[in-house]
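Worth knowing before you read on, the calculation uses all heavy atoms, side chains too, and leaves out hydrogens, waters and symmetry mates.
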Amino acid sequence: MKKLSILFISILAFLLACCKTLPPAGRTVHPIELLDNSSGFYIAIPKAADEDLINRIIENNVQNISSSEVKTISNCVNKIYCSLNRSKSGTEIQAAIDSSIPRKYLPKILNTKSGWETSKFIPGNSDNEYQIYSYNGVDISFPSDNITCLGRDIPEMLNKYDSLFSMPAENVGIYSELDDALVSYLTEAESEIRFYANKPQSFLTILTGAQLDLKLIDVSGSFVTDPKHPNQYLLNLDFQFRNDKYLKAGRTLLTLAFGLTNSQSIVIGTSELQINGIKLDKKQLYKLLVL
């Protein structure tokens, strides 16, 4: 199973690897522009929301790494944009990391001696060359000093980057396959972890431990670290049901599943339910993210 924890590979590699060929300066590309719309779950993880989560990704998956090295790497990460697709065969990941890496920290270690395989990629009708690094089934690439791509469809992510980068510099908006509202929701995450699930069944099963048969269109929400309990998140959820009939039944099931009182849930219109202030052990989020 490909794990979200492989993000540490991209973070570490981006800190330590040197891209051999980068295109000249051009339009600034936003990382979220490189994600496609083929996933069932999207999440934005700002470092400011929970630096411990970034440290955990690195520390738990890089052997013999010192605490100072963990800190150095995490200091270079601003925000992780990631999408996941779950299936019986495992979890597919596509991620773009917003980071700021000083060039002096980029020695050339992504070589065969270190276990990496390197291939060149040139987008169609382009003169720009990009490097794709592969390690243990994981593909990563660094189209700019500020973006790391990894996971599914790296060549397509590089095609997008090259095309967007080549646009006139005055095109400063975000050009994404994702819905505009979703793009705004994720990019505006600063002090909280935000997510969106358009296939919410497995998401709810992981959170509640129960098989809830809810007729949902989607679920969105946010996590923040509980200031009184550092090992716990406070979770806010927004459920979009197909109609008011399903909302009424779903509200009862969700209240029981989360152990909530009616005062913690708010009905908006005929199909929207908000549940706020859910206390969640951080291990549950790690489970959701396959950490």
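Applying the side chain to side chain donor-acceptor pair (under 3.5 Å) test to E190 and every residue at least two apart in sequence or in another chain returns nothing. Looking at residues two or more places apart in sequence or on another chain, you find a side chain to side chain donor-acceptor pair (under 3.5 Å) between S134 and D139. For S38, the side-chain contact (heavy atoms from CB on, under 4.5 Å) partners are D36, R152, not counting sequence neighbours.
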*Assess whether side chain to side chain donor-acceptor pair (under 3.5 Å) is satisfied between N198 and Y42, documenting all intermediate values.*
CA-CA 9 Å; N198 56 27; Y42 294 85; 5.7 Å; no
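The two residues D162 and S126 have their closest heavy-atom pair at OD2-OG, 2.9 Å. Nearest heavy-atom pair, K79 versus A44, reported as atom, atom and distance to 0.1 Å: CD-CB, 4.4 Å. Contact detail for M157 and A96: the closest heavy-atom pair is CE-CB, 4.3 Å. For the pair C82 and L35, the tightest heavy-atom approach, listed with the atom from each and the gap, is N-CD1, 4.3 Å.
Taking the six-membered ring for Trp and the full ring otherwise, H30 and Y161 have centroids separated by 6.0 Å or more. In this structure, F142 has its ring center no closer than 6.0 Å to that of Y130.
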Acceptor/donor pairs from residues 237-250 side chains to any protein atom, 3.5 angstrom cut, sequence neighbours excluded:
unit_1: D238; atom_1: OD2; unit_2: Q274; atom_2: NE2; d: 3.2
unit_1: N243; atom_1: OD1; unit_2: K245; atom_2: N; d: 3.1
unit_1: N243; atom_1: OD1; unit_2: Y246; atom_2: N; d: 3.1

Show the atom names and distances, to 0.1 Å, of all donor-acceptor pairs under 3.5 Å that link a side chain in residues 223-231 to residues at least two apart or in another chain.
unit_1: T225; atom_1: OG1; unit_2: K282; atom_2: NZ; d: 3.4
unit_1: D226; atom_1: OD1; unit_2: K228; atom_2: N; d: 2.9
unit_1: D226; atom_1: OD2; unit_2: Q232; atom_2: NE2; d: 2.8

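Between the side chain of Y185 and the main chain of G221, a donor-acceptor pair closer than 3.5 Å is present.
The salt bridge (charged side-chain N to carboxylate O under 4.0 Å, His left out) contacts involving residues 168-180 comprise K160-E177, where partners must be two or more places apart or lie in separate chains.
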